[in-house]
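To start, the structure itself, in structure tokens.
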Amino acid sequence: MPAAISLLNLVPEDKKTPVNRILLKLLDKILAIHQLDDLYTKHNLHGLDKTTFAKSLLDGLNLQLDGIHQLQQSIPKTGPVVLASNHPFGGIEGVILAWAIEQVRPDIKVMANQGLKIFPELEDYFIFTNPLSENDPKNAPSIRACLGHVKKGGALLIFPAGRVSYYHSDTQRIADHDWNRLVAMLTNRAKAQYVPIFIGGQNSKLFYQLGRIYYRLRMLRLPRELVNKQDQRIALTTGVTVQAKYLSEVDDLGVQTELMRAITYLLDPAYSQDWPADTVVEMQPIAEPISEQSILAEVAALPVEQHLLDHKDLAVYFGFQHQMPNTVHEIARLREIVFREHNEGSGEPIDTDKFDATYTHLFVMKKETGQIIGAYRMGQTDKLLADGNLDNLYLNRMFNFGSDFVNRQQPCLEMGRSFLIPEYQKSFLGLFILWRGIGAFVCKYPQYKVLYGTVSISKLYDIRSAGIIEKATVTPTNKVVAHKPFAYEFNPEFNDFAQHHGLKNMVTPLLKSLEPDGKDVPILLKHYQKMGAVFHCLGIDAQFNDTPGLLLTVELPKSPEKLLKLYLGDRWQQYKDQQI
């Protein structure tokens, strides 16, 4: 007859006195361990191999599991990997994850509480430790075993809280305990890939009430909590695998650990939402291209002072729609092509509006062929606001500019509608030559000391990524507000982390955990950060398929000297020192 499931199995032979046997059997009844034994007997679980046992236990409890396929698709098939999860139930989630992960990674090991020795069939999954005593010297062999396993290319699952989630009186929330730094240490030292997992759900109200009386009482309740999960639906949400090098950019091991915990709560589907439906649903065919001969003819007719510079086979000019209607039409056509790639297109044959007629167009073209490779649309605010009408500014549609915002205080350039054709988007040359053009323009017109504009956050990003970028970059101000602010509510555990640490140096690992294609911070945003930009608010551009735009200002004379030299050339010091 197979051995019964009992606390007696956890006691050394020399401690199994008659009195202890009676007391432990009584505890089996009180703690509902006898119900686990009934579950064993009913479903013939005794003596099964670990995989069959885990699946049979889950089937016996009739658990409905959501997110298993997503988890398995997210796990790297080879190489060292650390998987970490919150710990909402205190037992069954370990069985669920071990069984699901094993189907992809047969080498899975689980760093587990000694209490799980009550399931001898599962013992081969586990590397046991004592999570309630982080400094217990008896944990050292377990830690070495975990590190060795991952360094050899193995997969390790860890519940870094070390204990089941509980009610926190200070926040009045049910959440994990602080995570053990071991999760960051293992990931870093093994140079492992990291897979964050969030498991939704809670234990019974009585479980948390007992924990508020005395924290160890909730431990005594865990066997009953496992049994009462019968017939429940449990949802798993898995983040994108993150390379250790991105996490280790946070050089404080404690903060890195808190970041890894925050990533898990960032995945909480209770706080997940999709972008609102696109306002542009039908795309008309792109307009036919303008002949390059027409463009070359218009450019040749521009005044010589509107030729800003040459670089290899490229030339940079600026002009106005009335001077070069065909060129501006081609710029608008190319804008539409590029913006559609980022889900920002107008849906019209070209991307144009009334501001094309009043704004300055700075563009880069190939000198020999007339092919346009990129452009910026610039608003010279001293001219546009000469009559005091803010409606002359495109961005007035998105933002309410206060009287003390810089564009109402001094001449500025409102920068927008920037693009590079696809073959130049990933090259240094494209952005460099555009900014060399901007540098040449401001040296010619040094009254423009401040640039302002928006960086679009494409809706191809996860909506949480846009919220992260906002939290990481925006410096609150009362000088300008968005007419339609971006709004996203994060899990409060994530909010607490962001408020305590800020997200300035953590955007990349956060985005890497959300973006399946590995997207990072937009290139243009990174560029503005290097220029010393101040970011004011994130608003929705109703004229641009409801795309979020991050409003920024750059005070050019205060930009880093090496960048002023790069973009303004020999005239950088003169520009910087000149008072207008």
Completion exercise
Closest non-hydrogen atoms of Phe535 and Leu550, given as atom of the first, atom of the second and distance, are CD2-CD2, 3.5 Å
Practice task
Please state whether the rings of Phe486 and Trp275 are parallel, tilted or perpendicular, taking 30° and 60° as the class boundaries.
Solution key: tilted
Exercise for the section: For residues Phe198 and Pro269, report the shortest heavy-atom separation together with the two atoms involved. Expected result: CD2-CD, 3.7 Å
Practice task
Please work out which of the three classes, parallel, tilted or perpendicular, describes the rings of Phe432 and Phe428, given edges at 30° and 60°.
Solution key: parallel
Practice task
Please check if the distance between the ring centroids of His361 and Tyr317 is under 6.0 Å.
Solution key: no
Practice task
Give the ring-plane orientation class for Tyr488 versus Phe490, where under 30° counts as parallel, over 60° as perpendicular and anything between as tilted.
Solution key: perpendicular
Handout entry: side-chain hydrogen bond (donor to acceptor under 3.5 Å, both in side chains) partner of Lys459, chosen from Asp274, Asp546, Asp278, Asn343
Key = Asp278
Handout entry: Sole residue of Met506, Gln256, Lys512 in side-chain contact (heavy atoms from CB on, under 4.5 Å) with Leu247
Key = Gln256
Practice task
On the 0 to 90° scale, with breaks at 30° and 60°, tag the Phe355-Tyr359 ring pair as parallel, tilted or perpendicular.
Solution key: perpendicular
Exercise for the section: Kindly give the heavy-atom pair with the smallest separation between Leu390 and Asn396, and that separation in Å. Expected result: O-CB, 3.1 Å
Practice task
Specify the closest pair of heavy atoms between Lys77 and Gln72, including all atoms of both residues, with the distance to one decimal.
Solution key: NZ-O, 3.7 Å
Fill in the blank from the handout: Between Glu414 and Leu395 the two heavy atoms that sit nearest each other are OE2-N, 3.3 Å
